[in-house]
Number of protein chains: 4
Amino acid sequence: MYDELKRRVCDINRALKSEGLVSQTWGNASAVDRQAGVIGIKPSGVAYELLQPEHITLVDFQGNVVEGALKPSVDVATHLVLFRAFPDIGGVIHTHSHYATCFAQARRDLPCLGTTHADYFYGAVPLATPPSREQARQGYESFTGERIVNLFEARDPLLTPAALVAGHGPFVWGESIEKALENALVLEALARMALHTLMLNPAANALEDYLLDTHFFRKHGGDAYYGQS
Amino acid sequence: MYDELKRRVCDINRALKSEGLVSQTWGNASAVDRQAGVIGIKPSGVAYELLQPEHITLVDFQGNVVEGALKPSVDVATHLVLFRAFPDIGGVIHTHSHYATCFAQARRDLPCLGTTHADYFYGAVPLATPPSREQARQGYESFTGERIVNLFEARDPLLTPAALVAGHGPFVWGESIEKALENALVLEALARMALHTLMLNPAANALEDYLLDTHFFRKHGGDAYYGQS
Amino acid sequence: MYDELKRRVCDINRALKSEGLVSQTWGNASAVDRQAGVIGIKPSGVAYELLQPEHITLVDFQGNVVEGALKPSVDVATHLVLFRAFPDIGGVIHTHSHYATCFAQARRDLPCLGTTHADYFYGAVPLATPPSREQARQGYESFTGERIVNLFEARDPLLTPAALVAGHGPFVWGESIEKALENALVLEALARMALHTLMLNPAANALEDYLLDTHFFRKHGGDAYYGQS
Amino acid sequence: MYDELKRRVCDINRALKSEGLVSQTWGNASAVDRQAGVIGIKPSGVAYELLQPEHITLVDFQGNVVEGALKPSVDVATHLVLFRAFPDIGGVIHTHSHYATCFAQARRDLPCLGTTHADYFYGAVPLATPPSREQARQGYESFTGERIVNLFEARDPLLTPAALVAGHGPFVWGESIEKALENALVLEALARMALHTLMLNPAANALEDYLLDTHFFRKHGGDAYYGQS
């Protein structure tokens with residue numbers, strides 16, 4: 001019944017490894033079927049290379065297992081918070097991809113230093129503070145999600161589809177799980193670019209606002225003129 | 001009729017990806033047939049791996065489509081400005097190659113720090129300022145080209161066949177599109193070398209002028225003695 | 001009689017090269033059979049690609065060769081000191097893996113800067129001072145081991161299964177030689193992450209203690225909930 | 001008659017590319033047959049992938065072509081100066097390998113920061129000043145060699161078989177061309193390690209003299225105990 005959902009979640013989780021975003025088992029991807037109220041997510045601690053569609057765990061929006069013999073990722077509660085708070089997103093990806101994680105560990109947001117960034121993210125990728133000691137005890141993973149959601153109270157999560165959690169790593173999303181993967185790959189490339197840019201110029205300024213607009217809206221929205229049709 | 005031109009443009013665009021100069025769809029290459037007054041360029045937003053010679057869009061010097069079902073790269077206007085201003089160049093390449101883009105984002109020119117650079121570029125690769133707010137509104141891509149051309153008013157564009165656009169990335173050219181690819185690959189290697197050199201010595205000096213001359217003219221011009229004949 | 005031990009030691013030594021932890025012949029792995037009182041270790045100076053199980057040298061806890069035609073690694077005495085001092089470890093790996101060695105050369109311990117680290121090592125990976133001039137003359141390799149052991153007088157070597165020796169490189173261990181390899185790979189990834197984090201923020205703080213606890217004990221000990229039980 | 005010499009020179013030149021020490025045509029290797037008074041060297045500007053033994057140019061110690069249809073490397077005069085000045089070396093390699101060239105461009109010697117270095121080079125790899133303006137005019141390549149030779153007036157060139165030329169790159173040698181390749185690969189790995197070590201600790205000290213001795217003479221000279229026999 002959810003074969004297509006499980007196949008897509010499996011494919012993107014395997015791609016996390018083959019595309020170089022994860023080492024060991026450091027990452028997980030999920031997709032939602034909003035009509036059915038079902039989320040497919042990677043099972044915890046399973047090697048990407050061995051992952052098959054039938055291993056994908058299905059849960060509802062409260063985290064109850066709907067289908068699947070394996071426990072979902074320990075980070076499932078973070079994914080669920082994001083799916084509940086951001087009604088237009090279709091997929092969520094969490095990794096410890098190298099350069100994005102370095103910004104998270106350095107507790108810096110990822111500034112928009114050029115047009116490469118502006119083509120994908122409308123301004124800086126923000127930094128969330130980690131859960132407090134009390135929150136970590138009550139529900140570490142769900143409060144991680146809450147901290148991210150707080151950043152987007154006055155901001156469209158699809159214009160800047162990622163956040164860094166301080167001391168931890170990136171969470172990325174998109175209209176679909178496939179788009180979330182693209183965003184995660186681009187985020188990692190941008191973080192690498194920003195690191196080396198800041199080494200050449202520690203005081204590098206953010207891209208001018210009008211250039212950010214030019215590039216972002218050349219690719220997004222009703223006036224976009226990038227690509228075919 | 002333009003089969004050979006389209007094949008060459010296709011080959012070099014595919015090489016941008018296979019040689020590691022571009023991720024996603026972040027780059028485009030073009031070549032000119034000056035006798036015919038025709039430029040072949042990558043179509044916008046098409047994956048390099050799928051690109052075939054019949055996909056290459058042909059335009060005239062004013063940007064009118066001469067042949068091809070697909071829209072040309074959004075950067076076509078920049079390419080055209082360069083082809084019009086630099087009468088001896090045969091190919092133009094724009095990428096967001098990692099290290100060259102970092103210099104552009106840091107808003108630094110690429111200094112000539114050693115003989116590797118001197119073998120290919122006669123002095124620093126200059127930095128262009130981006131179009132102004134007003135220019136970005138009137139024609140972002142063509143004014144990007146104008147900014148580059150301004151740098152070469154008193155400079156031979158074939159002695160230093162590249163420029164960095166601040167906050168954006170490199171534009172590279174050459175006598176042919178094949179030579180432009182070589183220059184783009186070398187520029188990226190030089191930018192990586194310059195970054196790590198500046199980390200070891202932030203005050204690293206430019207190569208002595210007489211060594212620049214020795215190396216550049218060992219490979220270029222009438223007294224060159226590098227290579228066979 | 002020790003066929004299985006020799007096969008495992010051979011496999012992991014070959015993996016040091018294929019997984020990118022060693023260049024040239026810069027590393028060695030060993031495993032212990034505590035019931036038999038026998039340690040299997042790489043022979044000195046043999047290329048990993050040519051290594052076969054029958055090449056593995058077997059020694060007792062005093063370093064006497066029990067079986068094998070080839071001399072053991074010059075570092076065998078360091079391995080033996082660790083096996084004698086840490087009764088719960090099953091394998092030891094020494095490499096000059098790039099980033100971990102850079103921390104050793106910089107004479108810095110590897111701080112716990114994020115949850116990636118906290119998932120594997122319970123706090124900073126400590127730095128051992130090298131043997132003194134006198135110790136280097138008396139027994140360089142065994143005193144290297146003693147310096148490491150000194151770091152763990154009040155610390156469980158399986159909670160932080162690695163140490164850096166100043167000016168030299170990492171030594172890593174685990175319940176088994178296979179787990180030691182995983183720890184060595186993770187240590188190298190963490191050192192790379194820490195380097196780039198410190199470049200972005202030279203004053204980056206260690207992860208909060210309660211987050212270290214949350215992550216470490218999510219994967220280790222009786223309350224762990226990571227993976228498929 | 002010199003088939004074996006030409007085959008070896010061809011193999012090592014091809015390895016410069018396949019092992020990642022050169023991009024484009026930025027490097028050349030040579031070997032000497034001292035009894036015959038003949039040096040085999042890469043021809044100028046030929047792609048490594050196409051190089052065959054019959055392309056290798058043979059010259060005498062004065063640089064006269066003894067055999068071969070192709071012009072020798074433009075750097076042949078540097079090689080000859082080294083072969084004449086260092087009677088025990090059998091091969092010379094020049095590259096623009098990335099990290100070693102960065103030290104040359106930063107005009108820093110390569111300090112001995114750890115045991116990895118001490119296993120191969122007995123102390124810092126020294127930095128040569130480039131030829132003067134006048135020398136560059138009279139014979140750029142031979143004076144480059146003279147500058148290197150000057151560094152070894154009171155130093156054994158086989159204990160530290162490499163030098164960096166300021167603003168240019170590394171020259172490496174060895175008892176044989178095969179050993180020169182190993183030294184060139186190790187030099188590049190050491191330069192990468194030193195760069196990242198200096199980023200973690202700009203004031204990193206050289207390895208203690210007694211540890212340098214312990215490691216170097218564990219692998220070299222009459223008291224060596226590394227390897228088999």
Side-chain angles (χ1 to χ4, degrees), chain C residues 22-27 43-47 55 57 68-76 94-111 129-141 143-144 164-169 191-192 194-199 202, chain D residues 19-21 97-99 110-121 123-124 174 178-179 181-220 223-229:
Chain C
V22 303
S23 302
Q24 307 295 331
T25 55
W26 306 342
S44 183
V46 173
H55 299 144
T57 308
L70 298 170
K71 279 175 19 188
S73 163
V74 288
D75 296 314
V76 64
H94 169 51
T95 75
H96 293 223
S97 68
H98 180 78
Y99 290 102
T101 301
C102 290
F103 273 84
Q105 292 194 155
R107 310 211 172 197
R108 296 179 67 155
D109 64 7
L110 182 71
T129 50
S132 69
R133 182 185 301 267
E134 182 55 28
Q135 290 173 334
R137 190 162 42 207
Q138 290 181 3
Y140 173 67
E141 290 83 6
F143 278 106
T144 297
L164 305 174
V165 177
H168 190 161
R192 181 174 174 239
L195 167 67
H196 292 146
T197 299
L198 291 167
M199 286 163 58
Chain D
E19 296 280 340
L21 289 178
S97 68
H98 179 79
Y99 291 102
L110 181 70
C112 175
L113 297 175
T115 61
T116 322
H117 186 121
D119 282 339
Y120 286 83
F121 294 90
E178 291 80 11
K179 185 68 185 171
L181 174 64
E182 181 182 344
N183 290 339
L185 287 164
V186 171
L187 178 71
E188 180 64 4
L190 294 175
R192 181 173 175 239
M193 235 176 223
L195 168 67
H196 293 145
T197 299
L198 291 167
M199 286 164 57
L200 286 167
N201 182 0
N205 285 318
L207 189 69
E208 293 83 344
D209 280 351
Y210 70 92
L211 293 172
L212 170 58
D213 282 344
T214 297
H215 269 267
F216 192 79
F217 294 112
R218 180 165 104 148
K219 285 187 109 168
H220 301 86
D223 293 331
Y225 56 96
Y226 183 92
Q228 303 299 328
S229 87

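Because only heavy atoms are used, hydrogens play no part in the values below, and waters and symmetry mates are left out as well, while side chains stay in. Just so we're on the same page: letters track the sequence lines, and every chain starts at 1. Here the structure is a predicted model, which is why all the values come from computation and not from measurement.
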| remark: Looking only at D:Arg192, D:Glu208, D:Lys219, most heavy-atom pairs under 4.5 Å shared with chain C are made by D:Arg192
| message | To the closest 0.5 Å, what do you measure between CG (D:Asn201) and SG (C:Cys102)? | response | 11.5 Å
| Closest-packed option against chain D by number of heavy-atom pairs under 4.5 Å, given C:Ser23, C:Pro131, C:Pro202 | C:Pro131
| message | Can you tell me which portion of C:Arg133 sits under 4.5 Å from chain D's heavy atoms? Options are side chain, backbone, both or neither. | response | both
| task | Compare every heavy atom of D:Gly227 with every heavy atom of C:Ser44, then report the nearest pair and how far apart it is. | result | OG-N, 2.7 Å
| field | Straight-line distance of C:His96 NE2 to D:Thr115 OG1, nearest 0.5 Å | value | 4.5 Å
| note | Shortest non-hydrogen pair, D:Ala204 vs C:Gln105, comes out as CB-O, 4.4 Å
| query | Relative to chain D, which segment of C:Tyr99 carries a heavy atom at a distance below 4.5 Å: side chain, backbone, both, or neither? | reply | side chain
| With a 4.5 angstrom heavy-atom cut-off, which part of C:Glu141 approaches chain D: side chain, backbone, both or neither? | side chain
| Close side-chain approach of C:Arg137 and D:Tyr210, heavy atoms under 4.5 Å | no
| said: Between C:Asp75 and D:Arg218 (salt bridge meaning N to carboxylate O under 4.0 Å), is one present in this structure? | reply: yes
| Nearest heavy atoms of C:Val74 and D:Tyr225, plus distance in Å | CG1-O, 3.5 Å
| Where on C:Gln24 is there a heavy atom nearer than 4.5 Å to chain D: the side chain, the backbone, both, or neither? | side chain
| said: If I take atom OG1 from residue D:Thr197 and atom CZ from residue C:Arg107, how far apart are they, to the nearest 0.5 angstrom? | reply: 10.5 Å
| query | Of the backbone (N, CA, C, O) and the side chain (C-beta and beyond), which part of C:Thr25 lies under 4.5 Å from a heavy atom of chain D, both, or neither? | reply | both
| In Å and rounded to the nearest 0.5 Å, what is the NE2 to CG distance from D:His196 to C:Leu195? | 6.0 Å
| remark: Bottom line for C:Leu70: the part with an atom under 4.5 Å from chain D's heavy atoms is both
| query | With a 4.5 angstrom heavy-atom cut-off, which part of D:Thr116 approaches chain C: side chain, backbone, both or neither? | reply | both
| remark: Ranking D:Met199, D:Glu182, D:His215 by heavy-atom pairs under 4.5 Å to chain C gives rank one to D:His215
| request: May I ask you to name which of D:Asp119, D:Asp209, D:Val186 has the most heavy-atom pairs under 4.5 Å with chain C? | output: D:Val186
| query | What's the spacing between C:Thr101 OG1 and D:Leu113 CG if we round to 0.5 Å? | reply | 12.0 Å
| What residue in C:Gly45, C:Gly167, C:Ser73 has the most heavy-atom pairs under 4.5 Å with chain D? | C:Gly167
